Amino acid sequence: MDPVSGLQRARRVVVKVGSALVAGSGGGAADSAWLAAFAADAARLRARGQQVLVVSSGAVALGRRRLGLKRKALTIPEKQAAAAAGQSGLMRAWEEAFEPHGLAVAQVLLTRDDTEVRRRWLNGRATLETLLDLGVVPIVNENDTVVTEEIRYGDNDRLAARVAQMIGADVLVLLSDIDGLYTADPRRDPAARHLDRVSRLTPEIEAMAGGANAGAGVGTGGMATKLAAARIAQSAGCATVITLGARPSPLLAVEQGERATVIEPGTTPSAAYKAWIAGSLAPGGALIVDAGAAAALCKGKSLLAAGVRRVEGRFGKGDAVIVRDETGVEIGRGLCRYDAADAERICGLKSDAIEATLGYTAGPLIHVDDLALAARTEA
Ligand code: GLU
């Protein structure tokens, strides 16, 4: 991917902003000048019709100042307390930055479970999609106050990659204190070469990340966590752009050809997501559909309750199920929006009768975006 057109054409962009950028190096509140310039840069993308989500660190850095916790090494409970105290200031700073552009922001705090347990993942995704469709800029951070050491991401680079995967983003921008990946640490080795593009994250590339970018001080992520994030993004079909964040308009800078490293996506976000549904999830049951529904699915439609004849097996809301026609041929696999008992109650019903039967509706049984059609060889 060429970073210039990649960023210009992306439908959804996730930008990870680290503590050093948000909190600045001074002793006061957030760096409002940088945030204002960044918001203008992000608003430019929104005005072009692109959706932007920000993953922002800075809660701990701002909170420790607010609480006067001066020691460099804080205990875990102290860090969690600092995060709680700093998160509100962090959001206030983002609100103020986006306000002049008429853009609302929304706080979304996630834990690793929210991005890994499928049902929570689906809920989180639905909320993020709704926010994006409403034109809001979600500001995501880890819910540091409640996570324990064992279950935390700890760095927002990987959290940002998971969020990019969750919303099917095309581009993940990791704003760093260095303008990309080098063959060695350029601050120590004058022979270090900048890499513009990386298509495969080989062990050699991973080794290059050792030590580079280690001097950031305020945040937690170094180049190694950036590459771990890029690996997650790559397998989700999302390109990663690592570039210098300290510039006032880092996204514009990339579009103007300033230095950055692009880690190419392995596939497209939708193909990666469908491959995951088709290959990695054990189906809990099956939906047997009539010929009309089978034909509609093959034409790229969602699976409506009206076309379902029978429900087999036990599965929960959001679980993977197999879709078969009445002769037993597998049409595809998808995530069912109802559990087996509710699916059974509504099968054969028209969509507008679902609410009266169940007391709620979650739309089609399987949305087309959550359906991976079985590969077929044409006769
Ligand atoms: N969630 C942490 C914070 O808001 C930051 C983690 C990181 O720097 O990657 O302070």
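Atoms within a ligand are numbered from 1 in the order they appear, just like the ligands themselves. Model, not experiment: these values are computed from the prediction. Sequence positions, counted from 1, serve as the residue numbers for this chain.
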Here the atoms of ligand 1 under 4.0 Å from any heavy atom belonging to Asp144 are 1 (N), 2 (C), 3 (C), 4 (O)
A student checking ligand 1 against Ala59 at a 4.0 Å heavy-atom cut-off should list atoms 3 (C), 4 (O), 10 (O)
Shortest non-hydrogen pair, Leu159 vs Glu142, comes out as CD2-N, 3.4 Å
* Asked: Would one find an N or O of Glu142, backbone or side chain, under 3.5 Å from an N or O of ligand 1?
  -> no
Exercise for the section: Begin with the C-alpha distance, continue with both residues' side-chain angles, and end with the deciding distance and a verdict on salt bridge (Lys or Arg N to Asp or Glu O under 4.0 Å) for Asp41 and Arg247. Expected result: CA-CA 11 Å; Asp41 200 11; Arg247 291 188 267 248; over 6 Å; no
Using a 6.0 Å cut-off, check whether atom CZ of Arg200 has over 12 heavy atoms from anything other than its own residue. no
Under 4.0 Å, counting heavy atoms only: does Gly58 come that close to any atom of ligand 1? yes
Hey, are Arg187 and Asp185 close enough for a salt bridge, meaning a charged N less than 4.0 Å from a carboxylate O? yes
For Leu67, the other hydrophobic cluster members (4.5 Å side-chain criterion, sorted by chain and number) are Leu69, Leu74
With heavy atoms and a 4.0 Å threshold, my read on which part of Asn141 contacts ligand 1 is side chain
